[in-house]
**Q** 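Here it is, the structure, as structure tokens.
Remember, it's a predicted structure, so these values are computed and weren't measured experimentally.
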Amino acid sequence: MKTIFLFLATFLLLSFSATDEAATISKKERKNAVKLLQDTQKGVLKAVEGLSEAQLTFKPAPDVWSVEECVKHIAITEQGLWQMTNGAITAAANPEKRTEIKATDEEVVQMIESREKKVKTFSTMEPQNTPYKSLAEALESFKTDRGKLIEFVKSTNDDLRNHVSSLPVGSFDSYQMILFIAAHSKRHTLQIEEVKANPAFPKG
């Protein structure tokens, strides 16, 4: 009887463990997302480090964002994308929508990071419509939100794969949306580097 009891207890423990593991992301997925979030955060901060006011506000053309404007866009979009993602996570799972997902995790990152195809953002996410009055305010918002997201990814047991969001550019599960957020900040870090590479960019 004791042997049977131990067998049943072990079976139940393993069953619950398997269920918990299946309901969340793998250790590798978690590690990859955290690293991408951390690396892209460092990229933003490094890109603007030590820049003067003239450099921050320099615009290569009237319709091209300055470095400061890029950061304001990064910060407000960080908030908006996470609000959308969190809304999907807290809503009922919709695994039936997984058939609408056309991109792999790697393709999501590559697609969003790429500067080849320009996409007009929502008016609420344009730099001039953000609440940030300075680069410092935008950076503080970005660092705070990114820090919270990194801690979420490190600890969450939510079923991120079966909560799907639909955007104009496609459908993504919530894990992919987190990769999307990280890649978006990289996309505009590359834009910042384009501004800095302009021949007319102030020397200091």
**Q** Determine whether Ile76 and Phe122 make a side-chain contact, defined as any pair of heavy atoms from C-beta on separated by less than 4.5 Å.
**A**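 Side chain of Ile76 against side chain of Phe122, heavy atoms only: no contact under 4.5 Å found.
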**Q** Could you tell me whether the side chain of Thr189 reaches within less than 4.5 Å of the side chain of Thr40, counting heavy atoms only?
**A**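 Side-chain contact under 4.5 Å: no.
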**Q** Determine, step by step, whether Asn129 and Ser123 satisfy the side chain to side chain contact (heavy atoms under 4.5 Å, CB included) criterion, reporting the C-alpha distance in whole Å, the side-chain angles of both residues, the deciding distance to 0.1 Å, and the verdict.
**A** CA-CA 7 Å; Asn129 297 327; Ser123 62; 4.2 Å; yes
**Q** Rounded to the nearest 0.5 Å, what separates atom NZ in Lys203 from atom OG in Ser52?
**A**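 Lys203 NZ to Ser52 OG: 12.0 Å, rounded to 0.5 Å.
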**Q** Just how far is it from atom CG of Asp158 to atom CG of Asn86, taken to the nearest 0.5 Å?
**A**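 CG of Asn86 is found 8.5 Å from CG of Asp158.
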**Q** With no hydrogens and no angle check, is any side-chain donor or acceptor of Glu107 less than 3.5 Å from a backbone partner on Thr104?
**A**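 Yes, the answer is positive, given that a donor and an acceptor are paired below the 3.5 Å cut-off.
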**Q** Look only at the side chain of Ser155 and the backbone of Glu151, and say whether a donor-acceptor pair between them is shorter than 3.5 Å.
**A**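 Yes; at least one donor-acceptor contact below 3.5 Å.
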**Q** Can you tell which of Arg146, Met125, Gln83 makes a side-chain contact (heavy atoms from CB on, under 4.5 Å) with Glu78?
**A**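 Checked Arg146, Met125, Gln83 against Glu78; only one passes side-chain contact (heavy atoms from CB on, under 4.5 Å): Arg146.
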**Q** Salt bridge check: are Arg161 and Glu29 linked by an N-O gap of less than 4.0 Å?
**A**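 Yes, this pair counts.
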**Q** Indicate yes or no: at least one non-hydrogen side-chain atom of Arg187 is less than 4.5 angstrom from one of Thr77.
**A**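 Counting from C-beta outward, Arg187 and Thr77 never come under 4.5 Å.
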**Q** Would the distance check show the side chain of Asn162 and the main-chain N or O of Ala93 forming a donor-acceptor pair, the cut-off being under 3.5 Å?
**A**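 Between the backbone of Ala93 and the side chain of Asn162 there is no qualifying donor-acceptor contact (under 3.5 Å).
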**Q** Quick one: CD on Glu140 to CG on Asp145, what's the gap to the nearest 0.5 Å?
**A**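 Atom-to-atom, Glu140:CD and Asp145:CG are 10.0 Å apart.
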**Q** Going hydrophobic residue to hydrophobic residue with side-chain gaps under 4.5 angstrom, can you get from Ile74 over to Leu51?
**A**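 In one cluster with Ile74: Leu51, yes.
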**Q** Please name the pair of heavy atoms, one in Pro202 and one in Ala54, separated by the smallest distance, quoted to 0.1 Å.
**A**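 Shortest heavy-atom separation between Pro202 and Ala54 comes out as CG-O, 3.7 Å.
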**Q** Look only at the side chain of Arg30 and the backbone of Thr156, and say whether a donor-acceptor pair between them is shorter than 3.5 Å.
**A**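 Yes; judged by distance alone, with no hydrogens or angles, the pair exists.
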**Q** With no hydrogens and no angle check, is any side-chain donor or acceptor of Lys196 less than 3.5 Å from a backbone partner on Ala47?
**A**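 Indeed, once roles are kept as given, a pair shorter than 3.5 Å links the two residues.
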**Q** How long is the straight-line distance from NE2 of His163 back to OG1 of Thr85, given to the nearest 0.5 Å?
**A**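 Rounded to the nearest 0.5 Å, the OG1-NE2 separation comes out at 12.0 Å.
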**Q** Will you find, in the side chains of Ser171 and Arg98, an N or O donor that is under 3.5 Å from an N or O acceptor?
**A**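 No pair is found: no donor N or O on one side chain lies under 3.5 Å from an acceptor on the other.
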**Q** Do the side chain of Gln176 and the main chain of Ala103 share a donor and acceptor less than 3.5 angstrom apart?
**A**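 Answer holds: yes.
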**Q** Does a side-chain N-to-carboxylate-O contact under 4.0 Å join Glu49 and Lys46?
**A**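 No, no charged N to carboxylate O under 4.0 Å.
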**Q** Around atom NZ of Lys59, are there more than 12 heavy atoms of other residues, nucleotides or ligands at under 6.0 Å?
**A**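 More than 12 heavy atoms, drawn from other residues, nucleotides or ligands, come within 6.0 Å of this atom.
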**Q** Shared ILVMFWY cluster between Phe180 and Ile150, side chains joined below 4.5 angstrom?
**A**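 In one cluster with Phe180: Ile150, yes.
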**Q** Could you walk me through whether Phe142 and Val44 pass the side chain to side chain contact (heavy atoms under 4.5 Å, CB included) check?
**A** CA-CA 10 Å; Phe142 170 66; Val44 172; 3.9 Å; yes
**Q** Check whether Leu149 and Val108 end up in the same hydrophobic cluster, where Ile, Leu, Val, Met, Phe, Trp and Tyr are linked by side-chain heavy atoms less than 4.5 Å apart.
**A**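 Result: yes, single cluster for both.
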**Q** Minimum heavy-atom separation for Gln55 and Val67, please, with both atom names.
**A**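 That closest heavy-atom pairing would be O-CG2, 4.0 Å.
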**Q** Given side chain to side chain contact (heavy atoms under 4.5 Å, CB included), test His188 with His184 step by step and report yes or no.
**A** CA-CA 7 Å; His188 290 286; His184 177 267; 3.3 Å; yes
**Q** Establish, from distance only, whether the side-chain atoms of Thr121 and Glu126 form a donor-acceptor pair under 3.5 Å.
**A**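 Per modelled atom types, Thr121 and Glu126 side chains form no pair under 3.5 Å.
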**Q** Do Val34 and Leu36 belong to the same hydrophobic cluster, where Ile, Leu, Val, Met, Phe, Trp and Tyr are linked whenever their side-chain heavy atoms lie under 4.5 Å apart, directly or via other members?
**A**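 Hydrophobic grouping puts Val34 with Leu36.
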**Q** Would you call Phe152 and Ile178 a side-chain contact if the rule is heavy atoms closer than 4.5 Å?
**A**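 Result yes, sub-4.5 Å side-chain heavy-atom pair found.
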**Q** Between the side chain of Asp173 and the main-chain N/O of Tyr175, is any donor-acceptor distance below 3.5 Å?
**A**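 Present.
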**Q** So, does Glu113 use its side chain to make a donor-acceptor pair with the main chain of Gln110 at under 3.5 Å?
**A**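 Such a contact is absent between Glu113 side chain and Gln110 backbone.
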**Q** I need the minimum non-hydrogen distance between Pro131 and Glu137, along with the two atoms involved.
**A**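 Result for this residue pair: O-OE1, 3.8 Å.
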**Q** Run the side chain to side chain contact (heavy atoms under 4.5 Å, CB included) check on Ser185 and Gln41 step by step: do they pass?
**A** CA-CA 7 Å; Ser185 61; Gln41 178 182 7; over 6 Å; no
**Q** For residues Gln128 and Lys72, determine if any side-chain heavy atom of one lies less than 4.5 Å from a side-chain heavy atom of the other.
**A**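 No, too far: nothing below the 4.5 Å cut-off.
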**Q** Verify, without hydrogens or angle tests, whether Glu69 (side chain) and Pro127 (backbone) share a donor-acceptor contact under 3.5 angstrom.
**A**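 Between the backbone of Pro127 and the side chain of Glu69 there is no qualifying donor-acceptor contact (under 3.5 Å).
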**Q** Quick check: is Met177 connected to Val164 through a chain of hydrophobic side chains (ILVMFWY, heavy atoms under 4.5 Å apart)?
**A**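 Cluster IDs for Val164 and Met177 differ.
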**Q** Rounded to the nearest 0.5 Å, what separates atom CE in Met84 from atom OG in Ser166?
**A**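 Result: 10.0 Å between the selected atoms.
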**Q** Could you measure the distance from the CD atom of Gln191 to the CH2 atom of Trp65? Nearest 0.5 Å is fine.
**A**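 CH2 of Trp65 is found 6.0 Å from CD of Gln191.
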**Q** Is atom NZ of Lys120 surrounded by more than 12 heavy atoms (other residues, nucleotides or ligands) closer than 6.0 Å?
**A**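 No, because the 6.0 Å sphere around NZ of Lys120 holds 12 heavy atoms or fewer from other groups.
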**Q** Any sub-3.5 Å donor-acceptor pair from Lys117's side-chain atoms to Ser114's backbone N or O?
**A**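 A pair under 3.5 Å: no.
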**Q** Partners of Phe201 by ring-ring contact (aromatic ring centres under 6.0 Å, His included), sequence neighbours excluded?
**A**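 If we apply the ring-ring contact (aromatic ring centres under 6.0 Å, His included) test to Phe201, skipping adjacent residues, the hits are Phe58.
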